[in-house]
Amino acid sequence: MSVHTNVEGAPSPSPKKRGLFNRFLDFIEKYGNKLPDPIMLFVGITIIILLASALFSTLGTSAVNPATNEEIAVVNLLNGAGLIKILQNLVTNFTSFPPLGLVLVVMLGVGLAESTGLIAAFMKTTILNAPKKLILPVIVLVAMVGNAAADAAMVVLPPIVAMIFVALGRHPIAGLAAAYASVAGGFSANLILSMLDPLVAGFTQTGAQIIDPEYVANPAMNYYFLVISCLILVPVAVFVTTKIVEPRLGHYEGEEIEMEKVTPSEKKGLLWAGISLAVLAITMAFLTIPSGALLRHPETGSLTTSPFMDGIVPLMMVFFLVPSLFYGFATKTLQSSKDVADHLGQAMASMGTYIVIAFVAAQMIAFFNWSNLGPVVAIKGAEFLQNIGLTGLPLLLGFVIIAALINLVIASSSAKWAILAPVFVPMFMLLGYSPAFTQAAYRVGDSITNPITPMLAYFAIALTFAQKYDKKIGIGTFMSSLLPYSIAFAIVWIILFIVWYFFGLPLGPGEYIHLKQ
């Protein structure tokens with residue numbers, strides 16, 4: 001039996017054995033960190049996509065879209081036509097890449113709020129004075145509810161939460177991972193309906209009408225399930241952060257933020273920032289709450305699908321930018337228009353690495369879409385599940401797993417459901433299950449692998465934010481910080497499905513698991 005000794009030769013206790021799960025995460029971290037830098041990794045994946053398009057096109061690989069009965073064949077991107085298309089669209093792939101504009105626009109506001117000191121002052125007066133035990137649960141809840149703003153929450157919350165964790169003396173990567181995983185992994189957990197609800201309900205209705213031409217989908221068909229999921233996943237995410245992620249990351253060795261008392265100047269700045277924010281909030285209420293308000297849908301009056309939701313990104317920028325300007329001029333952090341320009345330039349200067357990643361990721365995703373590899377994989381996966389002979393609850397859980405695996409190659413929730421709904425909604429209806437239950441199963445599968453899929457462009461963005469605190473952080477370390485959330489969320493949702501299945505609970509207003517329930 002070996003004995004460990006300290007430097008003076010005295011026996012010391014043997015190191016504590018690491019559990020199986022921690023050893024698994026160690027494996028992910030070790031070999032994940034051997035992967036190339038994210039930029040080169042995306043380059044490598046892009047090359048693989050191009051080669052795969054040529055190979056499977058030559059083999060005549062195809063699949064039939066169940067929604068349109070149209071045959072989808074893999075397209076060769078390495079022939080003459082493919083190379084011309086690549087050359088002609090290389091620039092527009094980048095400039096039209098949705099996360100590029102979203103991130104840069106939002107970061108104009110967030111960056112100014114950070115550089116003027118507004119965020120630090122706000123944290124000193126509110127968040128850091130709140131009960132420590134409530135800070136993380138509130139952050140996770142805000143993140144899950146924030147996914148109602150779709151992708152914008154994935155950009156805004158992680159860097160802010162990382163700053164909060166540093167100020168609290170906690171590891172910023174843990175805060176960043178908690179925020180990102182809660183938004184991405186909790187995409188099917190919310191207290192309010194989002195723009196995704198009517199979007200997926202439309203595809204559900206199309207699939208259901210194959211069996212019942214009179215079926216009309218209710219956008220709130222999963223609302224009760226979403227609310228219960230949110231309330232349960234909040235403490236789960238808190239547990240994962242404090243008991244798994246933070247202990248693995250250890251003590252943060254980087255520069256810590258010293259939070260001193262709020263100065264009179266900062267109080268004055270916060271007052272003016274608060275006044276400007278109140279004016280903005282009142283203006284926004286006037287533009288959204290009354291019937292027929294400017295930012296509501298002009299025909300339906302809805303806010304879920306409306307100019308308000310379409311313009312959420314620039315609105316978020318304004319809600320950060322305006323209070324930052326008032327705070328900056330009140331505290332003399334900003335004294336002229338030149339100072340404003342300098343601060344905005346500094347905010348954008350920190351986004352250089354992200355812009356390079358966005359360029360490569362934009363090409364990778366565009367090439368993957370052009371090749372038709374994604375839809376073919378999705379349809380083949382659906383056919384596999386249909387043919388393996390599962391029934392009942394195992395079939396539904398198998399569908400969740402298939403949806404989760406497909407999410408690793410097709411990040412868009414609506415794009416996947418457009419393909420899968422015409423297959424699984426009618427199939428499960430013939431087995432006696434309601435479209436609402438099938439949709440809930442899909443949304444769960446779509447959510448649990450969101451934090452770890454590299455096809456979701458915001459993974460690279462979150463990694464870029466993480467590198468601000470640890471320049472040497474690799475994909476393995478970051479992935480091992482996100483994977484526990486995916487696993488924990490998956491376990492919770494499977495248990496919820498079993499409970500719903502055996503107790504026949506309502507999924508939403510008038511919607512149950514079984515058609516005749």
Side-chain angles (χ1 to χ4, degrees), residues 38 42 97-111 113-114 139-165 172-190 192 194-196 199 230 233-234 237 241 245 309-317 319-320 350-351 353-355 357-358 361-362 365 407-408 410-416 443 446-469 475 478-479 481-483 485-486 489:
F42 282 135
F97 188 48
L100 177 67
L102 186 154
V103 172
L104 296 182
V105 168
V106 170
M107 288 309 295
L108 279 171
V110 175
E114 182 180 355
I139 286 171
V140 172
L141 179 61
V142 169
M144 289 189 181
V145 174
N147 67 42
D151 300 341
M154 294 189 199
V155 178
V156 175
L157 288 175
I160 293 177
V161 175
M163 291 175 59
I164 292 172
F165 265 53
I173 307 300
L176 193 150
Y180 180 73
S182 298
V183 178
F187 224 69
S188 291
N190 212 322
I192 58 177
S194 70
M195 64 176 71
L196 186 62
L199 186 62
C230 181
L233 289 180
V234 168
T241 304
V245 177
M309 294 306 295
D310 292 339
I312 194 73
V313 171
L315 287 173
M316 291 179 73
M317 179 196 70
F319 269 76
F320 276 100
S350 64
M351 300 303 295
T353 301
Y354 165 69
I355 292 172
I357 290 177
I365 293 172
N407 190 46
L408 294 173
I410 305 178
S412 170
S413 180
S414 58
K416 288 191 298 292
R443 293 188 66 175
D446 174 59
S447 295
I448 57 179
T449 49
N450 262 348
I452 59 173
T453 172
M455 297 306 291
L456 189 64
Y458 301 99
F459 176 87
I461 297 169
L463 180 57
T464 302
F465 288 141
Q467 289 172 339
K468 176 180 177 181
Y469 298 96
I475 291 176
F478 193 53
M479 186 71 76
S481 297
L482 294 172
L483 187 58
Y485 295 97
S486 285
F489 288 5

Flag, side chain of Thr449 to backbone of Leu408, donor-acceptor distance under 3.5 Å: no
Least distance between heavy atoms, Val183 atom then Leu157 atom: CG2-CD1, 4.0 Å
Exam field: side chain Ser182 to backbone Ala143, donor-acceptor pair closer than 3.5 Å: no
Met163 CE to Tyr469 OH distance, which is reported to the nearest 0.5 Å: 6.0 Å
Test item: Thr241 side-chain N/O and Ala178 main-chain N/O as donor-acceptor pair under 3.5 Å: no
Heavy-atom pair with the smallest gap, counting every atom of Leu176 and Ala466: CD1-N, 3.6 Å
Counterpart residues, ring-ring contact (aromatic ring centres under 6.0 Å, His included), relative to Phe489 (two or more places apart): none
Phe187 side, atom CZ; Arg443 side, atom CZ - distance, nearest 0.5 Å: 8.5 Å
Those residues that, when tested against Pro159, pass side chain to side chain contact (heavy atoms under 4.5 Å, CB included) (two or more places apart): Phe465
Nearest heavy atoms of Leu482 and Ala181, plus distance in Å: CD2-CB, 4.2 Å
From CG (Leu233) to CG (Leu141), nearest 0.5 Å: 11.0 Å
Minimum heavy-atom distance Phe320-Ala113, with the two atoms named: CD2-CB, 4.2 Å
Tyr180 ring center within less than 6.0 Å of Tyr485 ring center: no
Value rounded to 0.5 Å, distance of CD1 in Ile448 from OG1 in Thr453: 12.0 Å
Reported CE-to-CD1 distance for the pair Met144 and Ile139, which is rounded to 0.5 angstrom: 12.5 Å
Least distance between heavy atoms, Val245 atom then Ser481 atom: CG2-O, 3.5 Å
Intermediate values then yes/no, side-chain contact (heavy atoms from CB on, under 4.5 Å), Ile461 and Met154: CA-CA 9 Å; Ile461 297 169; Met154 294 189 199; over 6 Å; no
CG on Leu463 to CE on Met479, rounded to 0.5 Å: 9.5 Å
Nearest non-hydrogen partners of Ser447 and Ser188, listed with the distance: OG-OG, 2.9 Å
